[in-house]
Structure formats: C-alpha cells, structure tokens
Amino acid sequence: MKRYVEVYKQCMYSAVQTASAYRMNFIVSSLITLIGNILFPLVTLLIYRAGTSFPGWSLYEVLLIQSVFTMSSGLSSLVFGGVMWTTMSHVREGSFEVVLLKPLNPLFYLVATTFSTESAGLFLGGAALFVFSAWHVGAIPALAWLQFAGMFFAGTAVLAGLSLMMAAMSFKWVGNSRISELADSVLSVGKYPLPIFPKAVQAAATMIIPVGMVGFLPASALLGRVGASDFAAILPCFVFLWAGIWVYRHMIRLYEGVGG
Amino acid sequence: MNRLKHNWRICRSVAAVTYKEWSAYRTHSLVSVIVGPVYFMVQYFIWTAVYGGQATLGGLDLQQMIRYFGATALIGYLIMDFADWNLSMLVRTGKFLTFHLRPVDHRSFALFQKLGHRFLGFVFEFLPCLLIFILIFGIDMRPASLPWTIVSVLLAFLMNFYVNYTIGLTSFWLVQSGGIRSAFMLVSGIFSGALIPLDFFPHWLQVTQLFLPFQYIAYMPAMVFTGHYSLGGLELSIPEAVGMQGAAVLVMFGCNELVRRRAMKQFTAVGA
C-alpha cells in the first residue's frame, strides 16, 4: 500500500512538473476551462432572465446543482480523466503490453500516470460557482454539510465508474474518439433538477446509472430537500464504481495486443 | 467549361474516397444515434418544465422550441467540421508541404473531403436521428420551406467550413492552434444558438450577433427551418434571411482568402 502511495505521489509530481514545462499551454487550457465553467450555467441564467423557471427551484438552487456537478466532474477528471484517452491510444497502437509489463496493477498505473492537472481549472471554476450560489441559498445546517459530503463523494464515484466503463469500451470499439460523448450525454440529465424528468428517468438516474448523485442529490442535501429514500441511492453509486473497475479489468483479460 | 468539368471530377473523387475511408469507421458515426436523442430528450423535458403555463418564450411556443432543438441537432450532423484540427495537424507535422505538389489547392481539397464526410453523416447520423425524432418523439420535422431550408443549410455548411479553416490557418503563425480552437468552440457553442435560441440573449448581444459568424452556423438555418427569423429587433422574411446568410458567407470567404494568402507567405515547410 505504501509503495502505491509513493508511486502516486511521484506521478502527481511529474504531472505538475510537465505542466510547468508547458506552462503557457497549461495556463491557457486552465483559463479556457475556467471561462467555460462560468459560461456553463448561462442557459439557466437566460431562462430565469426570461421570467420563467424550473418549477419549484430558484435560480441559485439550480446554480447550486450545476456547481456541484462541475466540482464533481473536476475532481473525477483530475484523477480518472486521462484513463480513457490513454487506454484508447494504447489499444489502437497495440502498445497496451507496455502497461501490462509494469510491476504494478495496470489500472492503478494508468490512473496514476494520467493525473490531469488541467482539470484543476474545472474544479476551481465549479468551486467558485458553488461558493457564489451557496451564499445566496441561505443558512445551511452542519448536518446538511455532512450529508452533502457523503453524497458528493458518491457522485464522484459514479463519474469514476463511468470513465472506467468508457475506457473499457475502447478495448472493443477501437479508436472511437466519440465514446466519451456517450457518457456526456447521459450525464446531462444530472445537471438539472431531477423532478423535471418523468418518474422512469428519475428512477434510472438514481438507481441504474446514478447520475442524479453527481449534482442534483448532493445539492438537494444542502437545501434540506432529501428524504430517507434518497440516501439509498448512495449504494448504487459505489456498486457502479465497482462495476466500472470489474468491466475494465475484464477487458484487460480480453486484450489481444494486435493494435487497431 | 473543361476546367469546371475537371474540378467537378476532382471534387467527386475526393468526396467519394473520403466517404469510403470513413465508412470503415461508420460505427463511430452511429454514436450520434444514441447521443443525439439523449440530448434531445433532456432538452425536451427542460423546456416542457420551463414553459409551464407560459404560451411563448423568446417569441417561440413550446412546439416551435422543440422543433428548433430538433432542427439544430439535425443540422449539426450535416455541417459538422474539423478542418481547423486537420490543417493545424498538417502544418505542425510539416505534411502540408505535400499539398503544394498536388494539382488542387488544400482548401478545395478539404472542402471536398468535408462533402464526402458529411454525406456519410447524412446516412449514418442525420437519417437515423430524423426517424427517431419523428417516430419516437413524435416531433413534426417538416420544414416550413424545404428549398429555403436546403439552401440555408448549404450556406451554414460553407460558413462553418470557412470559419474553421480560418482558425486552422492561424497554425501558420502559432504552430499549435489548439487553444484558439478550444476558445472558438466555446464561444461558437454559445452564440451559434445550439444551446438556447439567441432571442433569449440581451438585446445588445443579439445585435452584436448579426455581425459575427456564429448565428449563421446554427441559429439561422434552424429559424429558416421553423419559418420565422428575428434577431435583435430585426425581422426578416425567409428569403431575406437566406440572402443575408449568403452575404455573410461571401464576407467570410473574403476574410478566409485574405488570411490564406498571408499564411502561404508565412509557410516554411519544415513542420514543428
């Protein structure tokens, strides 16, 4: 375990060193990500500016959902964001053997070596929006913060599981750079209040592919809008992460090393 | 006349070869058959909730809004382009040099490639998604005027290409135009009207859009499809709107030609 922590620390250090070597690229990428995040809730702002709303949700409450979503995406992208692209590249070029030959768990090796410093901008942009919207929704009790923390990490686990599943898919769907769009489209459900969707979509978004946990449920916890049944949705999140790890490891066993 | 015939043959050959080349990856296009309807479903429920009891928003009723998003999604499949990325890669690697040895200039070659690539998009993205929108979502996807919609989509196709190609040309100075590309995609995503109709923007921003290329890429063809165009207080009939779009494409082509000539003087043919 200690060895793994040491390796991870070393990889993080290398990622930061790489970013500082190409600091202009790093600054520009981070800035664009940051601005992109500021503009992300623009649709929500324009909808409320037009004098309408998501029924039962104020502007700042919706912004809170979207900020939590962005923070969760940033955190997941920081740690797991590069796994899919690196896996895809190795599989296409037939060089995944190089990963398999390393004296480390291949999944851990890929996660550690693809630490994505650019995603810091995504997390920070989300955090800035989070502080702004949380400030406007009124006092939040300590218990709500505790519930939020638990749900936030469950949501990040969902994103990690989704990243691993997409990466696993690239073993069979060789060289398809559009795989990530599948995840992005499903995740778009989690950016808005779930009650606007039909019951079937709500159920799928909390129990099957629990994207509701990425933004909506943690924000609802802060707003004191969660019931006991909502906490039951935490379990499927970790099951989803476990499923992502299992599928990825299974696909490694199927890898034939011929390239695409 | 012979020259025109010759160019047509080149266009047909490049488009056909690109079609065949990308047909090998046709399942990649089929991702759109899942992604497009999922995004559309999300938009459908967002706007159904937002309309609530309101009859119109931004000058559109709910049905028109749903049709608008259906149209922008479908038009996106017909005009999708990555000429900027491609050109940037050719400049960075020095492979652009090989295009100086060919009997066709790179811009025309890239345009013909796009034609072939998007014909594939028409078959594997546009048609399946159109059927899903009509048969599963029950959306009326009949354009207000088919001929004007076709002309407008063709102009949007050219506008998107020339804008992207101009972005790609910046690689002759910057070598790596990834940052500019990302920034442009970000701005274009918002101001093209693909996320929300431009009528929702503040008045001054709507007026600004009349002088920028973004609205001619998605918003205008989608509005031509719905049969009603207005922006920044300017109400135009469909032929007038398409005429304005045609003029905008000519201006963009002029800008592109200007930048292209300067870029060719900058080209050193050694790559990065």
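Every chain is numbered from 1, with letters handed out A, B, ... down the list of sequences. Since the structure is predicted, the reported quantities are computational estimates derived from the model, not experimental observations.
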Quick check on [X] against chain A: is it the side chain, the backbone, both or neither that has a heavy atom closer than 4.5 Å?
| X | answer |
| --- | --- |
| B/Pro202 | both |
| B/Phe201 | both |
| B/Thr48 | neither |

Please give me the minimum heavy-atom distance between [X] and [Y], naming the atom from each residue.
| X | Y | answer |
| --- | --- | --- |
| B/Val38 | A/Val186 | CG1-N, 4.2 Å |
| A/Ser188 | B/Val42 | OG-CG2, 3.4 Å |
| B/Phe200 | A/Leu46 | O-CD2, 3.4 Å |

Please say whether more than 12 non-hydrogen atoms of neighbouring residues, nucleotides or ligands are located less than 6.0 Å from [atom1] in [X].
| X | atom1 | result |
| --- | --- | --- |
| A/Phe115 | CZ | yes |
| B/Met185 | CE | no |
| A/Trp173 | CH2 | yes |
| B/Trp22 | CH2 | no |

- So, the side chain of A/Arg178 versus the backbone of B/His28: is there a donor-acceptor pair under 3.5 Å, distance only? yes
Between A/Thr52 (side chain) and B/Val50 (backbone), is there a donor-acceptor pair under 3.5 Å?
->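 A pair under 3.5 Å: yes.
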Worked verdict on B/Leu195 versus A/Leu42 for side chain to side chain contact (heavy atoms under 4.5 Å, CB included):
CA-CA 9 Å; B/Leu195 292 176; A/Leu42 189 75; over 6 Å; no
Handout entry: Close side-chain approach of B/Ile46 and A/Phe54, heavy atoms under 4.5 Å
Key = yes
*asked:* Quick check: do B/Val31 and A/Ile179 have side-chain heavy atoms less than 4.5 Å from each other?
replied: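 B/Val31 vs A/Ile179: side chains apart.
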Before you tell me yes or no, could you show the steps for A/Val189 and B/Phe45 under side chain to side chain contact (heavy atoms under 4.5 Å, CB included), namely the whole-Å CA-CA distance, both residues' side-chain angles and the distance that decides it to 0.1 Å? CA-CA 10 Å; A/Val189 173; B/Phe45 290 117; over 6 Å; no
